[in-house]
Amino acid sequence: MTTTENGHLLIKTDGQNPVSLPKTLDCGQAFRWRPLANDRWRPLANDRWRGIAGGRAVELEETAGGIVIFDTPQEETPFWRGYFDLDRDYTPIFKLGGENELLGEIFAAGRGIRLLNQAPFETICSFIISANNNIPRIKGIIERLCRLCGRHIGGDDYDFPTPEALCSLTVEDLAPIRAGFRAKYILDAARKAASGEVSPEALRSMSTEEARQLVMTIKGVGPKVADCALLFGAGHISCFPRDVWIKRAMETLFPEGLPEKTLPFAGIVQQYIFDYIRNLKNIN
DNA sequence: AGCCAGGGTCTGC
DNA sequence: GCAGACCATGGC
């Protein structure tokens, strides 16, 4: 399903499952992507994006018929298809927009949003850092954390640290990343992951409730952070993280709760609602 | 200055 | 079980 041209990888998409890079990479589910033309307030569809995932630094562009991943071998196709959730067909989800007018409007407005399947330990830590924080600062803290103790990938790029690299550090060691009260929580996550007490990779194969209870034994992980970790980092798409934005959105848009048919993939619907409510805020 | 940001912990009832 | 104080930091 892919072709290479000049060492670049083309991940093909279609009209049923389109991908919007700005909507997918800049909607608060991942924190390591930035538009290269970042002098503008809001990213554009034709921006080139640079970021780190799967232990590699890459640049991406939207193109007619898919996403171009520059300087990337064809063997990485399965990883990137999985990362952009392209092995899942969203058609049954979008179909529910035909039964609910508001849902249909939200899906249309968010066309191209994909749920990103991210590394579980990185996702747990990223959303620990997200607590009572804003997205630009979350990105800054994560960037400084990677530079502090993440593997040097090359150039100016550093991977997200492993639990082992983190768990030998102290709160004082983490002072330079300016994570505030969250530093001790990051270390608790690293310690529990390194000891096997909470295996981030095992969360995927557990039941959603079981995984939720387990990940919440990490300090700094409550219901909302747990849902984000399970949704973005462990494939539990029924999780529905309730942050301040979603709470406000649900009060005005769905006071009776989500339509029942959407509940099995509520997490994906949640991303569309999050995008919808934040765009309303930006216009006003 | 005060409020808010993709919340959670801890205490006290 | 549930409200309220508190938590670091930075932008507006």
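Chain letters run A, B, ... following the sequence lines, proteins first and then strands; every chain starts at 1.
Identified under the ring-ring contact (aromatic ring centres under 6.0 Å, His included) test for residues 192-213 of chain A, with sequence neighbours left out: none. Listed by first then second residue, pairs satisfying salt bridge (charged side-chain N to carboxylate O under 4.0 Å, His left out) with a partner in residues 63-77 of chain A read A/R56-A/E76, not counting sequence neighbours.
Between the CG atom of A/L174 and the P atom of C/dA8 there is a distance of 14 Å, given to the nearest Å. The distance between atom NZ of A/K139 and atom P of B/dA5, rounded to the nearest whole Å, is 17 Å. Residue A/I141 contributes atom CD1, which lies 11 Å from atom C1' of B/dA5 at whole-angstrom precision. Rounded to whole angstrom, the span from the CD1 atom of A/I129 across to the P atom of C/dT9 amounts to 14 Å. Distance NZ (A/K184) to P (C/dC7): 10 Å, rounded to an integer number of Å. The nearest whole Å value for the distance from the CZ atom in A/R137 to the C1' atom in C/dC7 is 12 Å.
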Which side-chain N or O atoms in residues 201-208 of chain A pair as donor and acceptor under 3.5 Å with protein atoms at least two apart or in another chain?
from, atom 1, to, atom 2, distance (Å)
A/S205, OG, A/A202, O, 3.2
A/S207, OG, A/E210, N, 3.1
A/T208, OG1, A/H236, ND1, 2.7

All N/O donor-acceptor pairs, side-chain side in residues 88-98 of chain A, below 3.5 Å, sequence neighbours left out:
from, atom 1, to, atom 2, distance (Å)
A/R88, NE, A/D85, OD1, 3.3
A/R88, NE, A/D85, OD2, 2.9
A/R88, NH2, A/D85, OD1, 3.3
A/D89, OD1, A/N17, ND2, 2.9
A/D89, OD1, A/T91, N, 3.0
A/D89, OD1, A/T91, OG1, 2.6
A/D89, OD2, A/T91, OG1, 3.3
A/Y90, OH, A/D85, OD2, 2.6
A/Y90, OH, A/L115, N, 3.0

Between side-chain atoms of residues 211-223 of chain A and protein atoms elsewhere (two or more places apart, or another chain), which donor-acceptor pairs fall under 3.5 Å?
from, atom 1, to, atom 2, distance (Å)
A/R212, NH1, A/D227, OD1, 2.4
A/R212, NH1, A/D227, OD2, 2.9
A/T217, OG1, A/L214, O, 2.6

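Judged by atom type and distance alone, A/R178 does not reach the base of C/dT9 through any side-chain donor-acceptor pair under 3.5 Å.
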Could you write nucleotides 7-13 of chain B as a row of B, S and -, 5' to 3', where a protein heavy atom under 4.0 Å of any base atom gives B, of only sugar-phosphate atoms gives S, and otherwise -?
BSSS---
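Taking atom P in both B/dT11 and C/dA8, the straight-line distance is 15 Å, to the nearest Å. Spacing between C/dC2 and B/dA5 at atom C1', rounded to whole Å, works out to 24 Å.
Between A/F79 and A/Y83, the ring-plane angle classifies as parallel under the 30° and 60° cut-offs.
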